[in-house]
Amino acid sequence: MITVDAPRLLGRIRELGAVGRDDENRLTRLAASDTDKQGRDLFVGWLRRAGLDVAIDRVGNIFGIWQSPENAGQAPLLIGSHIDTVIDAGIYDGCYGVLAGLEVIETLKASGFSPSRPIAVAAFTNEEGVRYTPDMMGSLVHAGGIDVGTVLAAVGTDGSVLGQELARIGYAGDEEPGFLKPHAYLELHIEQGPVLEREGMPIGAVENLQGISWQRVTIDGVANHAGTTPMSMRSDAGHAAARVITFLRDRAKGSKAPTVATVGSIRFEPNAINVIPSRAVFTVDLRDPDEQHLRAEEAALASYLEQLAAAENVTVSVERLARFEPVLFDLRIVERIEAAAKNRGLGAKRMTSGAGHDAQMMARIAPAAMIFVPSAGGISHNPREHTEDAELVAGANILLDVVTQLAS
Ligand code: HGY
Ligand code: MN
Ligand code: MN
């Protein structure tokens with residue numbers, strides 16, 4: 001059984017993981033930023049040195065394509081993920097899957113394997129959605145779920161415009177998004193949760209992915225003097241926001257359903273120690289594997305905000321930032337993942353993905369599935385994110401086996 005070149009894969013994960021660090025050594029490569037460009041340039045250099053055709057589309061999605069005259073007309077097998085990161089990130093989220101995809105192609109090329117179809121690896125633009133929303137943006141465009149113009153006009157949290165930033169960093173490509181119609185799509189990713197480690201399982205065969213609802217809530221009260229304004233006379237946007245955060249947490253924590261709720265970012269105006277906040281702006285991330293239940297959670301929040309506005313004498317407005325329904329992956333590929341793990345003497349667990357991934361967009365246009373490897377302590381979106389080298393290599397070998405089968 002052929003295996004991937006472990007030192008090459010692990011070395012590249014670490015090399016890419018060193019790109020985009022600030023002077024406190026924190027890793028941040030937000031979509032279309034200068035550090036994202038550095039990561040992109042490094043990846044494209046590896047694609048070229050591997051002898052792949054490099055294609056970049058209008059929203060900066062990067063493809064490395066291995067094709068031969070014999071199979072050029074066939075729909076390619078696509079392996080993908082992302083190399084943009086959150087703020088103060090770990091080195092594995094997204095990058096592991098992209099670099100393992102390249103590793104699988106290089107291993108197969110070197111082995112003399114001649115695939116029945118082209119095999120390509122993709123690094124999708126702005127999977128994280130931290131600077132521009134929605135998340136999984138590049139793969140969503142590729143799958144036809146949002147139009148190119150809307151994406152290129154997206155305004156970031158820093159006031160930048162995505163299309164201008166892509167041009168500035170040299171990744172406003174020529175290809176029309178969606179130009180590559182995959183025969184099937186595979187994504188290898190760290191689990192980013194505690195399940196595999198807790199169960200001592202080295203491989204996750206991901207059969208579905210939960211629904212995601214992102215909203216921005218703006219609460220407007222009245223700025224007033226912190227010292228002279230009686231408590232009964234306040235329209236305190238800051239306090240109202242705190243009530244919402246507590247409402248969401250208590251509701252999700254108390255629910256029997258696996259719903260999760262997160263307020264990850266918040267800001268007050270005028271944000272001064274002795275001024276009652278006139279405005280609070282914060283984001284709400286709600287997720288649930290069941291669409292009906294996710295809708296019920298969104299409705300519960302909406303009615304809570306209505307009551308709160310009256311009770312606290314504030315006004316509330318809500319903007320939808322992203323909304324993706326739960327996704328089922330292709331059972332035949334999930335079974336191939338399980339069989340490949342068994343064939344290598346590795347345990348595999350069927351599971352749901354709690355995190356969003358490009359695979360959920362690609363599942364709209366091709367049979368898709370994901371392979372997970374354990375995350376130490378279930379930690380991710382955190383510099384302490386870690387997966388053991390042996391687990392990383394095992395996951396890449398499962399990807400190698402399934403790709404070999406699907407391209408034979
Ligand atoms: O939010 C997510 O689940 C993904 O990391 N973008
Ligand atoms: Mn990811
Ligand atoms: Mn992520």
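Whatever order the structure lists them in is the order used to number ligands and atoms, beginning at 1. Values in this document were obtained by computation on a predicted structure and should not be read as measured data.
On a distance-only criterion, Asp93 and ligand 1 share no N/O pair closer than 3.5 Å. Among the atoms of Glu128, some N or O lies under 3.5 angstrom from an N or O of ligand 1. Where the criterion is an N or O separation shorter than 3.5 Å, residue side chain and backbone included, Gly356 meets it with respect to ligand 1.
Taking a cut-off of under 4.0 Å to the non-hydrogen atoms of Trp214, the atoms of ligand 1 that pass are 1 (O). Every atom of ligand 1 with a heavy atom of Ala355 under 4.0 Å away is listed here by number and element: 3 (O). In summary, the atoms of ligand 1 found under 4.0 Å from a heavy atom of Asp135, numbered by their order in the structure, are 1 (O), 2 (C), 6 (N).
Counting heavy atoms closer than 4.0 Å to ligand 1, residue Phe324 contributes nothing at all. With a heavy-atom cut-off of 4.0 Å, Arg287 touches ligand 1 through its side chain alone. When heavy-atom distances to ligand 1 are checked against a 4.0 Å cut-off, His381 comes that close only through its side chain, counted from C-beta outward.
Between Arg295 and Asp288 there is no salt bridge, since no side-chain nitrogen of the basic residue lies less than 4.0 Å from a carboxylate oxygen of the acidic one. Taking a cutoff of 4.0 Å between a charged side-chain nitrogen and a carboxylate oxygen, Arg287 and Glu297 do not qualify as a salt bridge. Asp84 and Arg40 are not joined by a salt bridge, as no carboxylate oxygen comes within less than 4.0 angstrom of a charged side-chain nitrogen.
The aromatic rings of Phe124 and Tyr185 sit tilted, their planes meeting at an angle between 30° and 60°.
Of the possible donor and acceptor atoms, none in the side chain of Asn274 sits under 3.5 Å from a partner among the backbone N and O of Ala226. Looking at Ser380, its side chain never comes within 3.5 Å of a backbone N or O of Glu385 through a donor-acceptor pair.
Glu127 lies apart from the Mn ion (ligand 3) in this respect, since none of its N, O or S atoms is found at a distance under 2.8 Å. Taking 2.8 Å as the threshold, His381 counts as a candidate ligand of the Mn ion (ligand 3), since one of its N, O or S atoms lies below it. Metal site remark for the Mn ion (ligand 2): Asp93 contributes an N, O or S atom at a distance under 2.8 Å.
For Glu128, the N/O/S atom at the shortest distance from the Mn ion (ligand 3) is named OE2.
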>> Set out, in order, the CA-CA distance, both residues' side-chain angles and the distance that settles salt bridge (charged side-chain N to carboxylate O under 4.0 Å, His left out) for Glu298 and Arg323, then state yes or no.
In response: CA-CA 11 Å; Glu298 290 175 315; Arg323 180 63 166 86; 2.9 Å; yes
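The Mn ion (ligand 2) is the vertex of the angle joining NE2 of His82 and NE2 of His189, which measures 110° to the nearest 10°.
Not less than 6.0 angstrom separates the ring centroid of Phe329 from the ring centroid of His357. Note: Phe63 and His142 meet the aromatic proximity criterion, with ring centroids under 6.0 Å apart.
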